[in-house]
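Heads up: the structure comes next, in structure tokens.
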Protein chains: 2
Amino acid sequence: MGPTIHDVARLANTSKSTVSRYLNGQKVKRATQEALDRAIEELNFHRNANARRLVMDKTNTIGVVVDNISNVFYSGIIRGIEIVAGRRGFNCIFYSWTSNYGSEREFLSLLYEGQVDGLILVSFQKRTAEDLAVFRDSEYPVALVGDHGEMEGLMSVDVDNAAGLEEIVRYLHGLGHREIAYIAGPPHAGASKYRLKGFRQSMEALGLTENPAWIAESDWSNQGGYEAMRRLLKAGGFTAVVASNDETAIGALRAIQEQGLSVPSRLSLVGFDDISISEWVFPSLTTVRQPFQEIGMLAAEGLFRRIEGEDERIDSRSYSLLKPHLIVRDSCDRPTSI
Amino acid sequence: MGPTIHDVARLANTSKSTVSRYLNGQKVKRATQEALDRAIEELNFHRNANARRLVMDKTNTIGVVVDNISNVFYSGIIRGIEIVAGRRGFNCIFYSWTSNYGSEREFLSLLYEGQVDGLILVSFQKRTAEDLAVFRDSEYPVALVGDHGEMEGLMSVDVDNAAGLEEIVRYLHGLGHREIAYIAGPPHAGASKYRLKGFRQSMEALGLTENPAWIAESDWSNQGGYEAMRRLLKAGGFTAVVASNDETAIGALRAIQEQGLSVPSRLSLVGFDDISISEWVFPSLTTVRQPFQEIGMLAAEGLFRRIEGEDERIDSRSYSLLKPHLIVRDSCDRPTSI
DNA sequence: CACATTTTCGGGAACGTTCCCATTTTAACA
DNA sequence: TGTTAAAATGGGAACGTTCCCGAAAATGTG
């Protein structure tokens, strides 16, 4: 298994207690320190993490569970988490549950088994109330990203989806658009629900009528956006399209361009999320930026407050809704006069 | 710390040995089994992973180190690794080293400290010969993705970059292109080197002359591709552009479209990698597909052969080069007649 | 130099498992 | 029922650390 502190002690002519102390940063006599350094170097000694964790009941590691680890979408969140964890001297390990695991719930065992000190669950997919209850009742440090604080007593962070949609609709309205189509996301996903609600509310607030034929549903994939847009184009009659996420918007863009229509001169298009590609497509996509890094940082900070026992009692303050903001690019223009 | 097997034993009126055996799948008397099930359920018992790992000197976990965990690019590789690990009953944990860590080498300590049983390093960035030597000399199971087997005795998997470029050039040549520009990647990255070499060799093999003004260097980013393309457009005179990766190609596409030129009627464009966006851009991008999932699976299989001791001696067989293949989409056409 | 105080050190228990080995219980068979 | 074989069980050592506590050494003070 490699050399142990006992081996180091023997070689340095001292005891394992002294080695342990030295490794943990306590002072030892100058002479012993030098002997220890030599012994550690010579044996290429590394402390066994499992033994340490066993006795200390602490791993200095947090687990981050992402429903699809390679979604560009999550990169900012992950980075935010890493920054905060780094500051606290914690490591992050990532788990992806798309492939091998059945549900987020299974990852609680990481906590029970002492593999991590806390868990951040990142997902914008559907979570059942039952799932949420299990996390809450576990009494372990768990933070959720992508949840509108639907379960009392659980830490969660999300973006204010409805507010984002309001910005979009107001912007389009300001450009002169009155006929606006909408590509919705999967109805079960929380974020999708809130975005649709935000769209409806702001349309109504501005006195715009919502045409049922101008609302298409997609699965938030590129292909889904493409198909939804083709359906909308058959109906026709609108001057702008709001897609409820960027991936969908880019699919829609393809459908529009395939019909020989031009964006933005003939049709304006807006997305939501501001994923990196949105800046690259042609024309570049006007969208609403989620403060991804901040989301990750907030979730991590909340988690560490619990891990370090600063927050004994979880209360409603542990739920944060962040304001997104509009990024104006080239995919919108005034509507063409009829 | 939660209940231990000793607590379970007491509640079920038996000994910790019996509990341990039962948990490890050995037979116990029917009566004790029922009592144990009840006790485990009642106490909500979970085995302490650190204690198990300490005594067994085995974690059943492999570490996957990715230089940028949220690069879409890596998603297929990660998936391939997960599939193979799942089959063997191993867990995967992912480490991202962009942010907090200095180099891939640091992750060797995961092995020394007994946190993982093996390590897969995924990176297409530069690796120094010194790095490679450290991995080889560690004598622990390590597999590399994105390395052309440059260090004898190290397991590695990569795609045959030169062969991919040959496919591209032959395809363009077949369409009638004779004047071909090239956007190269960062000169230090291995893959970039091999792609450029492949381009040159196949140009020469087909009797095409390489114009130095038609070779631009980029950093493999979208923005880099955009800038490189603008430089190429100033030179002009070619009918097709080969970008050495898709991200660059998409940046180049933007530059071309901004100039009011059309792809493919005025200029043909090819990328490399086949990342997911390539299918979505307009026009969809002709490119070379890397067999990402297979790459991941091969690396993992090699690693498990070492972990499970099937491969005592690492030999040259442990280095695999996979053939990529051309995906024809809409970004290429015959050259326009002058 | 004697004594008190501080610093450094070493021994041993503990963490929660697994696994070996000896013992007890059960089953098989005459 | 007695004997033997097989199955089930319990006790204890071990894994490599940390941490407590008492002993030893070093330092300070008169």
Side-chain angles (χ1 to χ4, degrees), chain A residues 1-37 39-40 43-61 89 91 109-117 140, chain B residues 1-37 39-40 43-61 89 91 109-117 140:
Chain A
M1 204 186 311
T4 73
I5 64 173
H6 192 252
D7 299 322
V8 175
R10 208 164 10 152
L11 193 60
N13 242 314
T14 177
S15 73
K16 61 179 169 40
S17 305
T18 305
V19 181
S20 174
R21 267 190 299 264
Y22 178 54
L23 291 171
N24 287 305
Q26 285 187 45
K27 255 216 324 240
V28 296
K29 263 210 316 216
R30 187 55 182 264
T32 43
Q33 169 178 343
E34 280 165 6
L36 285 173
D37 282 337
I40 289 169
L43 296 169
N44 188 26
F45 167 79
H46 291 258
R47 277 184 289 188
N48 183 297
N50 301 312
R52 305 192 67 204
R53 292 172 171 193
L54 173 60
V55 57
M56 298 197 294
D57 194 22
K58 185 104 200 292
T59 63
N60 259 285
T61 299
N91 296 314
S109 64
L110 295 173
L111 252 5
Y112 287 127
E113 294 173 357
Q115 299 200 45
V116 297
D117 297 336
Y140 277 96
Chain B
M1 204 185 312
T4 72
I5 64 173
H6 192 252
D7 299 322
V8 175
R10 208 165 9 151
L11 192 60
N13 240 314
T14 176
S15 73
K16 65 180 165 38
S17 304
T18 304
V19 181
S20 174
R21 267 189 299 264
Y22 177 54
L23 292 171
N24 286 304
Q26 287 187 43
K27 256 217 322 244
V28 296
K29 262 210 316 216
R30 186 56 182 263
T32 43
Q33 168 176 344
E34 281 165 5
L36 284 173
D37 282 337
I40 289 169
L43 296 170
N44 188 25
F45 168 78
H46 292 257
R47 276 184 291 189
N48 182 297
N50 300 312
R52 305 192 66 203
R53 290 172 172 194
L54 173 60
V55 56
M56 298 197 295
D57 194 21
K58 185 108 200 291
T59 62
N60 261 285
T61 299
N91 297 313
S109 63
L110 295 174
L111 252 5
Y112 287 128
E113 295 173 356
Q115 299 200 46
V116 297
D117 297 336
Y140 277 95

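Chain letters run A, B, ... following the sequence lines, proteins first, then strands; residues in each count from 1.
Whole-Å rounding puts the B:Gln115 CD to D:dT17 C1' distance at 14 Å. A straight line from CG of B:Asn24 to C1' of D:dT9 spans 15 Å, rounded to a whole angstrom. Note: CZ (B:Arg21) to C1' (C:dT24) measures 12 Å, nearest angstrom. Straight-line distance from the CD atom of B:Gln26 to the P atom of C:dT18: 11 Å, rounded to whole Å. Atom-to-atom, CG of B:Leu54 to P of C:dT17 comes out at 12 Å; the value is rounded to the nearest Å. At whole-Å resolution of the value, CG in B:Asn13 and P in D:dT9 are 12 Å apart. The interatomic distance linking A:Asp57 (CG) with D:dC19 (C1') rounds to 14 Å, in whole Å. Rounded to whole Å, atom P of D:dT18 lies 13 Å from atom CG of A:Asn50.
One finds no side-chain N or O of A:Arg47 lying less than 4.0 angstrom from the OP1 or OP2 phosphate oxygen of D:dT17. A close approach under 4.0 Å does occur between a side-chain nitrogen or oxygen of A:Ser20 and OP1 or OP2 of D:dT18.
Put simply, the side chain of A:Leu36 reaches to within 4.5 Å of the side chain of A:Val19, judged on heavy atoms. At least one side-chain heavy atom of B:Lys58 sits less than 4.5 Å from a side-chain heavy atom of B:Asp117.
When heavy atoms are screened at a 4.0 angstrom cut-off, A:Lys16 is found touching base atoms of the nucleic acid. Nucleic acid contact for B:Thr4: sugar-phosphate only, since backbone atoms but no base atoms lie under 4.0 Å from a heavy atom of the residue. Residue B:Arg53 is out of contact with every strand shown, counting any heavy-atom pair closer than 4.0 Å. Note on B:Phe45: only backbone sugar-phosphate atoms sit closer than 4.0 angstrom, heavy atoms only; bases stay farther off.
Considering only side-chain atoms of B:Asn48, the nucleotide from D:dT18, C:dT17, C:dG11 that sits closest is C:dT17. Closest to the side chain of A:Ile5, out of D:dT17, D:dA26, C:dT17, is D:dT17. Listed nucleotides C:dG10, D:dG10, C:dG16 differ in distance to B:Val55; the shortest reach to its side chain belongs to C:dG16.
Aromatic ring orientation, A:Tyr140 versus A:Tyr112: perpendicular (interplanar angle above 60°, classes split at 30° and 60°).
Toward the 5′ end of DNA chain D lies the nearest nucleotide of B:Thr32, the other residue of the pair B:Ala51 and B:Thr32 mapping further downstream. Sequence order on DNA chain C of the closest nucleotides to B:Lys29 and B:Arg52 puts B:Arg52 first from the 5' end.
With hydrogens and angles ignored, a donor-acceptor pair closer than 3.5 Å exists between the side chain of A:Ser17 and the base of C:dG11.
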(request) Would you sort out whether A:Arg53 and B:Asn48 count as a side chain to side chain contact (heavy atoms under 4.5 Å, CB included), showing the intermediate values? (result) CA-CA 10 Å; A:Arg53 292 172 171 193; B:Asn48 182 297; over 6 Å; no

(request) Verify side chain to side chain donor-acceptor pair (under 3.5 Å) between A:Thr18 and A:Ser15, making sure each step is shown before the conclusion. (result) CA-CA 5 Å; A:Thr18 305; A:Ser15 73; 3.3 Å; yes

